[in-house]
Amino acid sequence: MNYETVVGLEVHVELSTKSKIFCGCTTEFGGEPNTHVCPVCTGMPGSLPVMNKGVVEFAIRAGIALNCDITRYNKFDRKNYFYPDLPKAYQVSQLYLPICQNGKVEIEVDGEKKYIGIHEIHMEEDAGKLIHDPWDDCTLVDYNRCGVPLLEIVSEPDFRSADEVIAYLTKLRDIMMYLGVSDCKMQEGSMRADVNVSVRPIGQKEFGTRSEMKNMNSFKAIYRAINFEAKRQIEILEEGGKVIQETRRWDENKDASFAMRSKENAQDYRYFPEPDLLPIEISDEWINDVKNNLPELPEAKRARYISEFGLTEYDAGVITSAKQLAYLFEDTTAICKKPKEACNLIMGELMRLLSETSTLPEDIKIDPKKVADLINLIIDGKINRNVGKEVFEEIFRNDVEPVKYVEEKGLLMLNDDSLVSDTIDKVIADNTKGVEDFKGGNEKAFGFLVGQTMKALKGKANPQAVNKILKEKLQKL
Ligand code: ADP
Ligand code: MG
Ligand code: ZN
């Protein structure tokens, strides 16, 4: 029999508000354990939460970008569970009236487009972190993350392959980063997914029983886990067995998933309305205001880079693959009005340096003004392109001021034709073999002689002038 894989995702995104969802503590990642805390986020008796308006604003932003209906009147509920990472013994979340519902996202895999439904987006608080210490046989707890705001984005079970899941996660991550609602650093856990997987014989209407793998934070692991899990379930069905609904743990090292516990359902959590927080009412004005101020999303940027700046589809795709690259491109172009030059520097030199230095695009710190100044130096013929590359690398590594750097290092292009002419005379005299080769019809010999001239002039000559004068002289010989 042939089977079809069905996947649904619950993606948690940590919001980049300055303060936590119900108190004024910082949301900053890391820090000494239990220093970003107060009575509210550690659940001290008698403390009361106060809603952070910024969280609602970010949720509306995300909802609009994911084509959701915004629930004008939404509420919080308590999800009860006992676990030491949650000092209140309940998580404040939204079960009955989540802030966003009925959205959709378009994805593309191998040229095929399809929509993935968004069931809902709700706001909730993050839990603390448990650190199991096998040496001392104890468990330590760090509450710094407790109360950091989260959006949980729940998809419909619309995925039919691991490739579709990765396409969706990539897009979701892009959108969240461009919206400025999250840095989506997966390695820091600010984007993580619960992955629900089931299989069914092709043609069957009903979904199969699913298993769930929680808190996955690498695309690679998610991809492998889906394929492993589908295969495992198909094998069970083929042997006449039944898949049981359970939570499983993906073990990256063993490249396999293992049963953790049978699946809990909403009843197990004894949800009830949160009595300490007022319902949230969202006005049309607020929604319109957010809509009108929504940052431009990557898809729109790509289209605009192609139509407004004449970039190729490929270049536009690479540059919009990270927000920091897109902003560097736009800000540089806005200053020097040379989009092609800015694009070439980013696609060539910057990409090379990022990979050489293992730098992530989000960690780029380049002043667009400096890149624009550099482009002007090249365009105005003050330096040649090779020197331009060297200066770009200095901007990237040492944040140098290009105009000053070029002056100090004496890198200005030599536009002194008589000097070039004298140098070429010398090169011709010193390289009789090269000259002979050229006369014998060897094209490469010309390049060699150009290289010798450039070298003698410390790379600062105008390549066009060198070419022209050398050609003239060789023809006269
Ligand atoms: P819970 O909140 O208990 O985990 P939900 O019904 O809200 O359960 O579903 C959670 C996620 O599981 C959703 O993303 C949904 O798309 C997905 N899902 C539900 N049924 C299936 C299924 N049979 N196969 C794969 N995914 C599923
Ligand atoms: Mg779930
Ligand atoms: Zn606090």
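Worth saying up front: this structure is predicted, and the values here are computed from it rather than measured. Just so you know, ligand 1 is whichever comes first in the structure, and atom 1 is the first atom listed for that ligand.
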For Glu156, the atoms of ligand 1 under 4.0 Å from one of its heavy atoms are 16 (O)

All heavy atoms of Val37 vs all of Cys25, minimum pair found to be C-SG, 3.5 Å

Under a 3.5 Å cutoff, is there a donor and acceptor pairing between the side chains of Gln91 and Tyr269? no

Tell me yes or no: between the side chains of Ser190 and Asp183, is some donor less than 3.5 Å from an acceptor? yes

What do you reckon, does Gly208 have a nitrogen or oxygen under 3.5 Å from a nitrogen or oxygen of ligand 1? yes

Donor-acceptor pair, distance only, cut-off 3.5 Å: does the side chain of Asn67 make one with the backbone of Lys104? yes

Relative to the heavy atoms of Gly8, which atoms of ligand 1 are at a distance of less than 4.0 Å? 14 (O), 16 (O), 17 (C), 25 (C), 26 (N)

Please say whether Phe207 places an N or O atom under 3.5 Å from an N or O atom belonging to ligand 1. no

Qualifying residue, where the test is salt bridge (Lys or Arg N to Asp or Glu O under 4.0 Å) with Lys114 and the options are Glu164, Glu106, Glu156: Glu164

Can you tell me how far apart CD1 (Ile395) and CG (Asp373) are? Round to the nearest 0.5 Å. 8.0 Å

Might you work through the side-chain contact (heavy atoms from CB on, under 4.5 Å) test for Met351 and Leu325, ending with a clear yes or no? CA-CA 10 Å; Met351 287 305 180; Leu325 291 175; 3.5 Å; yes

Does either side chain, that of Arg270 or that of Asn80, offer a donor lying less than 3.5 Å from an acceptor on the other one? no

Return all protein N, O or S atoms below 2.8 Å from the Zn ion (ligand 3), chain by chain in residue order. Cys23 SG, Cys25 SG, Cys38 SG, Cys41 SG

Asp399 and its salt bridge (Lys or Arg N to Asp or Glu O under 4.0 Å) partner, picked from Lys404, Lys365, Lys370: Lys370

List every atom of ligand 1 that sits less than 4.0 Å from any heavy atom of Val154, numbering the atoms from 1 in the order shown and giving each element. 13 (C), 14 (O)

Side-chain (Ser182) to main-chain (Glu14) donor-acceptor, under 3.5 angstrom: yes

Report yes if Arg210 has an N/O atom closer than 3.5 Å to an N/O atom of ligand 1; otherwise report no. yes

Which atoms of ligand 1 sit under 4.0 Å from any heavy atom of Leu9? 14 (O)

Between the candidates Pro157, Gly117, Ser155, which shows the shortest non-hydrogen contact distance to atom 13 (C) of ligand 1? Ser155

Nearest candidate to atom 12 (O) of ligand 1, where distance is taken over non-hydrogen atoms, out of Asn196, Val197, Ile116: Asn196

